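Here is the structure we will look at, set down as structure tokens.
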Amino acid sequence: MIVYDTSEQRANETIEKLHTLLLEYHRRYDIFHTYEGVNNLATVNANAGDAPVAVDDKILDMIEYAISMDALTDGRMNIAMGGVLKIWQSYREAGLNDPEQAVLPPMDALLAANMHASISNIILERTAGTLYITEASTQLDVGAVAKGYAAQRAIAAMREAGVTSMLLSLGGNVCSIGTRPDGTGWKVGIQNPYAGQTLCVVQVSGQSVVTSGTYERYYTVGGKRYHHIIDPETLMPSKRYDSVTVISSDSALADALTTGLFCMPIDEGMALVERLPETEALWVLSDGTQSMSSGFITFLTTD
Ligand code: ADP
Ligand code: MG
């Protein structure tokens, strides 16, 4: 977090507030751990097929948003795919722990899990304030959207609190408020997926820059890399791209969209980005070539 303010004390208070807020979101969106005194997504997953779980608005709002992004990406970004993703995750972890024995998950197990990945199995009851998963085998995985959503809400809260100059970097997800104190935009480097260097630098004022890449989380089987973005159509890591970057005034949109675009042909993804307001994208295709939406170039900077 970088904050500029009129005094160091004010800036430190902002950082403290932001950290507390992000922790609140983290505890709610965690699917791996439960916390004393709060029903979170781990609680919802544990009650799948059993009972609706009372959750607060931070959870309901995010899930509602994720469901809307499922529709926008035509099911490419699907938070009900938790069963499939869990299998990939356990094979990836086993493969990383013991690379010699690394294997791919059996397709029949992936197909079986995918029988229970329908987004319509997620029932959100606003008035009751509950979230219910209708099938015991359906599991939520919000890895594609929760970080961006939390970042967006946290940034909005900081704006409301009067913060005018801030940069928040949450691993692959960089959000900005305003400009740097000298009035120039924030410079954000986009990683070259093939080397540890920078592919290009963008300059933003108030936007978020989110990148998903095949180089972030993967394991190797038979000399080939298998990364963590799973195409719901093939149930395999998407082979279309090596990285997708989205710049948008909405960090939640940018996060959910990077994952959705990763699993979409370039023409379809380009058409989608072009019709979204204040949203641009950069694709590094798996043959190493690049594509940009029409306005992406306006963010590029050379200095
Ligand atoms: P990261 O910040 O880790 O790059 P991404 O936004 O790229 O996150 O999302 C990747 C994560 O989303 C995976 O680790 C997994 O939890 C989940 N995921 C992978 N593929 C999909 C998909 N097609 N739809 C929804 N979630 C997915
Ligand atoms: Mg994402």
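Please read these numbers as outputs of a predicted model, since none were measured by experiment. Both ligands and their constituent atoms are indexed starting at 1 by order of listing. The first residue in the sequence is number 1, and the count goes up from there.
Annotation: cation-pi pair Arg92/Tyr219 absent, no NZ/CZ under 6.0 Å from the ring centroid and within 45° of its normal.
Not one N or O of Thr211 is nearer than 3.5 Å to an N or O of ligand 1, by distance alone. At least one N or O atom of Ile230, backbone or side chain, sits closer than 3.5 Å to an N or O atom of ligand 1.
Using bins of under 30°, 30° to 60° and over 60° for the plane-to-plane angle, the ring pair Tyr35/His26 lands in the perpendicular bin. Ring planes of Tyr149 and Tyr25: perpendicular class, angle over 60° (limits at 30 and 60°).
Without hydrogens or angle criteria, Asn40 side chain to His33 main chain gives a donor-acceptor distance under 3.5 Å.
Taking a cut-off of under 4.0 Å to the non-hydrogen atoms of Asp255, the atoms of ligand 1 that pass are 6 (O). Counting atoms of ligand 1 from 1 in the listed order, those under 4.0 Å from a heavy atom of Ser212 are 4 (O), 5 (P), 6 (O), 7 (O). Those atoms of ligand 1 with a heavy atom of Lys147 less than 4.0 angstrom away are 2 (O). Atoms of ligand 1 found under 4.0 Å from any heavy atom of Ile229, numbered from 1 in the order shown, are 7 (O), 19 (C), 20 (N). Those atoms of ligand 1 with a heavy atom of Met77 less than 4.0 angstrom away are 24 (N), 25 (C). Near Arg76, meaning under 4.0 Å from any of its heavy atoms, are these atoms of ligand 1: 22 (C), 23 (N), 24 (N).
When only modelled atom types and interatomic distance are considered, Asn121 and Thr138 share a side-chain donor-acceptor pair under 3.5 Å. With no hydrogens or angles considered, a side-chain donor-acceptor pair links Asn173 and Ser251 at under 3.5 Å. No side-chain N or O of Ser249 forms a donor-acceptor pair with one of Gln207 less than 3.5 Å apart.
Here the protein heavy atom with the shortest distance to atom 18 (N) of ligand 1 is Leu85 CD1, 3.6 Å. Counting protein heavy atoms only, atom 19 (C) of ligand 1 is closest to His228 O, 3.2 Å. Of all protein heavy atoms, the one lying nearest to atom 1 (P) of ligand 1 is Glu216 OE1, 3.5 Å. With hydrogens left out, the protein atom closest to atom 16 (O) of ligand 1 is Asp141 OD1, 2.9 Å, a heavy atom. Looking only at protein heavy atoms, the nearest one to atom 12 (O) of ligand 1 is Ala144 N, 3.1 Å. If you check which protein heavy atom lies closest to atom 8 (O) of ligand 1, you get Gly143 O, 3.7 Å. At the top of the distance list for atom 21 (C) of ligand 1, counting protein heavy atoms only, stands Thr259 CG2, 3.8 Å. Atom 3 (O) of ligand 1 has as its closest protein heavy atom Arg217 NH2, 2.5 Å.
Looking at Leu199, Thr214, Ile190 one by one, the single match for side chain to side chain contact (heavy atoms under 4.5 Å, CB included) with Val284 turns out to be Leu199.
The environment of Glu268 atom CD is dense: over 12 non-hydrogen atoms of other residues, nucleotides or ligands sit within 6.0 angstrom.
By the 4.5 Å heavy-atom criterion applied to side chains, Leu272 and Asp74 are not counted as neighbours.
Under a hydrophobic-cluster definition in which Ile, Leu, Val, Met, Phe, Trp and Tyr are linked whenever side-chain heavy atoms come within less than 4.5 Å, directly or via other members, Ile266 and Leu282 are assigned to different clusters.
With respect to Arg28 and Asp56, a salt bridge is recorded, a charged nitrogen being found less than 4.0 Å from a carboxylate O. Taking 4.0 Å as the cut-off between side-chain N and carboxylate O, Asp61 and Arg153 count as a salt-bridged pair.
Distances under 2.8 Å from the Mg ion (ligand 2) pick out the protein N/O/S atoms Ala144 O, Asp255 O, Asp255 OD1, Thr259 OG1.
Ile123 belongs to a hydrophobic cluster whose other members, connected by ILVMFWY side-chain contacts under 4.5 Å either directly or through intermediates, are Tyr132.
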